[in-house]
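Below: one structure, written as structure tokens.
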Amino acid sequence: MMLNYLALAAVLFAIGIFGVLTRRNAIGILMSLELMFNAVNINLVAFNKFIGPANLTGQIFAIFVVVIAAAEAVVGLAIVLLLYRNWKGINVDRINIMKW
């Protein structure tokens with residue numbers, strides 16, 4: 001049964017990595033990062049359920065990851081909004097403000 005959860009998490013994580021590596025849209029990259037965070041959450045909860053069901057360590061870490069993901073989404077969307085206002089687009093190939 002645990003293998004099913006791990007397989008689901010692996011598929012979600014792979015889809016997230018594929019999205020991060022292939023997307024040129026900043027919103028798409030943020031959504032792919034959220035998929036990767038959710039895959040980690042599934043792993044945390046699954047390991048907690050099957051290895052140490054008496055304590056809630058996995059769920060607490062999953063909630064912590066959700067909070068970090070929400071903060072990442074807020075900061076990321078603020079950056080995307082700023083980029084859209086300045087460059088009239090969110091294609092990451094056009095944005096080179098960090099390059100010398």
Side-chain angles (χ1 to χ4, degrees):
M1 189 66 183
M2 184 172 171
L3 192 60
N4 294 337
Y5 292 112
L6 295 180
L8 174 67
V11 168
L12 276 179
F13 197 82
I15 291 171
I17 286 211
F18 178 76
V20 167
L21 295 177
T22 59
R23 294 280 179 173
R24 297 293 165 241
N25 187 333
I27 299 291
I29 293 172
L30 285 175
M31 290 173 56
S32 298
L33 284 173
E34 294 298 324
L35 272 180
M36 293 168 60
F37 283 134
N38 286 330
V40 170
N41 285 339
I42 289 172
N43 272 340
L44 288 171
V45 173
F47 277 115
N48 185 51
K49 179 181 178 187
F50 291 104
I51 293 177
N55 54 17
L56 298 174
T57 307
Q59 284 87 352
I60 291 171
F61 274 115
I63 290 172
F64 180 72
V65 170
V66 167
V67 170
I68 295 297
E72 174 262 338
V74 168
V75 171
L77 289 175
I79 291 171
V80 167
L81 184 63
L82 178 71
L83 293 174
Y84 181 76
R85 286 182 180 167
N86 289 332
W87 279 274
K88 305 297 180 209
I90 53 174
N91 190 349
V92 293
D93 287 337
R94 290 183 44 220
I95 302 165
N96 57 1
I97 59 174
M98 297 297 284
K99 293 181 181 176
W100 289 93

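Interatomic distance, CG of Leu44 versus CD of Gln59, reported as 9.5 Å (0.5 Å rounding). Within the model, atoms CD1 of Ile29 and OG1 of Thr22 stand 8.5 Å from one another, a figure rounded to the nearest 0.5 Å. Distance check: Phe13 CZ to Phe37 CZ gives 9.5 Å after rounding to the nearest 0.5 Å. Annotation: the span from Leu83 atom CG to Asn91 atom CG amounts to 11.0 Å, rounded to 0.5 Å.
Residues Glu72 and Glu34 have side chains in contact (heavy-atom distance under 4.5 Å, counting atoms from C-beta outward). Using a 4.5 Å heavy-atom threshold, the side chains of Leu35 and Ile17 count as separate.
Hydrophobic cluster membership differs between Phe61 and Phe47, with clusters built from Ile, Leu, Val, Met, Phe, Trp and Tyr side chains linked at under 4.5 angstrom. Taking hydrophobic clusters as Ile, Leu, Val, Met, Phe, Trp and Tyr residues chained together by side-chain heavy-atom distances below 4.5 Å, Met31 shares a cluster with Leu77. In the hydrophobic clustering of ILVMFWY residues, with side-chain heavy atoms under 4.5 Å counting as a link, Ile51 and Val45 come out apart. Note: the hydrophobic cluster containing Leu82 does not contain Ile90 (ILVMFWY, side chain heavy atoms under 4.5 Å, direct or indirect links).
Here the closest heavy-atom approach between residue Ile42 and residue Ala9 is recorded as CG2-CB, 4.0 Å. In terms of heavy atoms, Gly52 sits closest to Asn55 at O-OD1, 2.7 Å. Contact record, Leu12 with Ala39: CB-CB, 3.8 Å, taken as the closest heavy-atom pair. The two residues Ser32 and Gly16 come nearest to each other via the heavy atoms CB-O, 3.4 Å. Residues Asn48 and Thr57 come closest through the heavy atom pair OD1-N, 3.9 Å.
Summarising the local packing, OH of Tyr84 is surrounded by 12 or fewer heavy atoms from other residues, nucleotides or ligands at distances under 6.0 Å.
The only option from Asn38, Asn41, Ile60 that meets the side-chain contact (heavy atoms from CB on, under 4.5 Å) definition with Val65 turns out to be Asn41.
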